[in-house]
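All remarks here apply to the structure that follows.
Side chains are part of it too, since the values below use all heavy atoms of this structure and drop only hydrogens, waters and symmetry mates.
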Amino acid sequence: MHLPKPPNYDSGMYRLLPLLLLLPAPAYSATIYDNGPPNQADGSEITGFVQAEDFTLAASSTFDSIRFWTLEDATSFSGSILWWIYSDNNGEPDSILFSGTGVPEREPTLLTGLSLAEYLNRLSIPSVTLAPGTYWLALHNGPISNGEGAQMFWETADPNASVNFGQELGLPEGTWTSNSLEHSFQLANSDIPEPGTMMLGITALAAFAAARRRMSKI
């Protein structure tokens, strides 16, 4: 004895349902700004210095995550990261617009540079909204009282079209001096799906809708 098949069991809709159930949940955190991938070639020390890197936004943008890459030894990380967003004044950081401290999610990449291990750091921050224009992201390893250099370097990226290279100073209110390096980082918004995941969901829904239309004609 065999149980009867559901109506239109062989239709595209029924074949598609298992695939829809297997689709991953949307991957959020769309990249708002990308200053280039790490190149394992150099870096700027972020324990004895505050390091800053400029970025330019073409449109009003909101982000709540900073991704940056470091080269470091096993004992360099102080347990937290201080961050600042500065306005720009003729190619140098000017006024502090936003700031905070947090503990990043840290992932070793299994790559090395300068005989140091490379880490991807994902730092969640309160939501920041900026108008179009040029700004500066500054980073520091641990509390600002850290005054001695450690083997933790904000990793470099290849030169790109950003307006200026990085800067360094002893304290945020100090004098900025150029170190002529480009640093690798991204600004991301966790509320926006990544484009690839969004297209996957749109394609699946379109296929499901088409299968339903075919079924309705049977």
Side-chain angles (χ1 to χ4, degrees), residues 24-39 43-44 46 49-70 80-107 109 118-141 144 154-169 172-173 176 178-203:
Y28 288 83
S29 194
T31 301
I32 301 301
Y33 177 86
D34 190 343
N35 205 52
N39 59 14
S44 298
I46 59 171
F49 294 93
V50 173
Q51 300 286 351
E53 178 63 60
D54 71 310
F55 62 96
T56 299
L57 301 174
S60 179
S61 303
T62 299
F63 57 91
D64 58 11
S65 177
I66 302 168
R67 306 167 185 156
F68 63 98
W69 284 259
T70 53
S80 63
I81 293 292
L82 280 167
W83 62 272
W84 298 264
I85 302 294
Y86 286 84
S87 62
D88 176 76
N89 182 15
N90 295 318
E92 290 189 5
D94 189 21
S95 301
I96 297 174
L97 304 177
F98 300 91
S99 64
T101 185
V103 179
E105 296 180 6
R106 289 165 44 78
E107 177 185 340
T109 67
E118 182 183 83
Y119 281 79
L120 166 58
N121 301 267
R122 299 183 182 92
L123 180 63
S124 296
I125 64 173
S127 183
V128 169
T129 299
L130 297 173
T134 297
Y135 302 91
W136 294 79
L137 168 66
L139 299 175
H140 182 266
N141 177 30
I144 201 63
W154 188 357
E155 192 172 352
T156 52
D158 292 337
N160 59 44
S162 61
V163 179
N164 293 90
F165 292 127
Q167 308 281 319
E168 65 181 358
L169 79 171
E173 62 269 20
W176 295 95
S178 176
N179 56 32
S180 299
L181 294 174
E182 196 80 55
H183 300 94
S184 182
F185 73 95
Q186 298 174 343
L187 305 176
N189 189 333
S190 63
D191 291 330
I192 302 176
E194 290 286 5
T197 302
M198 185 183 298
M199 288 306 300
L200 180 63
I202 291 172
T203 301

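Take T70 and apply the side-chain contact (heavy atoms from CB on, under 4.5 Å) test, not counting sequence neighbours, and it matches I46, F68, E72, R106, Y119, N121, M152. Listed by chain and number, the residues in a ring-ring contact (aromatic ring centres under 6.0 Å, His included) with F55 are Y33, Y135 (sequence neighbours excluded). Every residue meeting the side-chain contact (heavy atoms from CB on, under 4.5 Å) condition with N39, not counting sequence neighbours, appears here in chain and number order: A41, T156, D158. Applying the side-chain contact (heavy atoms from CB on, under 4.5 Å) rule to D34 yields the partners T31, Q186; only residues at least two apart in sequence or on another chain are considered. The ring-ring contact (aromatic ring centres under 6.0 Å, His included) check on F63 picks up nothing, with sequence neighbours excluded.
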Exercise. Taking it one step at a time, do E155 and S184 satisfy side chain to side chain donor-acceptor pair (under 3.5 Å)?
Worked result: CA-CA 6 Å; E155 192 172 352; S184 182; over 6 Å; no

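Between W136 and D54 there is a side-chain heavy-atom pair separated by less than 4.5 Å. Using a 4.5 Å cut-off on side-chain heavy atoms (C-beta onward), E53 and F185 make contact. Counting heavy atoms from C-beta on, the side chains of H140 and W84 come closer than 4.5 Å. Put simply, the side chain of L139 reaches to within 4.5 Å of the side chain of I81, judged on heavy atoms. You'll find the side chain of L57 stays beyond 4.5 Å of the side chain of P132, heavy atoms only.
Taking every heavy atom of both residues into account, N179 and S44 meet most closely at ND2-OG, 3.5 Å. Of all non-hydrogen atoms in L137 and L187, the two that sit nearest each other are CD2-CD2, 4.4 Å. Smallest separation of non-hydrogen atoms from W176 and V50: CZ3-O, 4.2 Å. Pairing each heavy atom of G43 with each of L181, the nearest pair is O-CD1, 3.9 Å. Contact between S190 and D64 at its shortest, heavy atoms only, is OG-OD2, 2.6 Å.
Remark: side-chain polar atoms of N160 are paired, donor with acceptor, to backbone N or O of N35 under 3.5 angstrom. Side chain of S60 to main chain of A131: no donor-acceptor pair is present (N/O by atom type, distance under 3.5 Å, no hydrogens or angles).
Note that the OG atom of S65 and the CG atom of D191 stand 11.0 Å from one another [nearest 0.5 Å]. F98 contributes atom CZ, which lies 14.0 Å from atom OH of Y86 (distance to the nearest 0.5 angstrom). Taking CG of N189 as the reference point, atom OG of S61 lies at 9.0 Å (rounded to 0.5 Å).
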Exercise answer: donor-acceptor pairs, residues 122-130 side-chain atoms, under 3.5 Å, sequence neighbours excluded:
unit_1 : atom_1 : unit_2 : atom_2 : d
R122   : NH1    : E107   : OE1    : 3.0
R122   : NH2    : E107   : OE1    : 3.1
T129   : OG1    : T62    : OG1    : 2.8

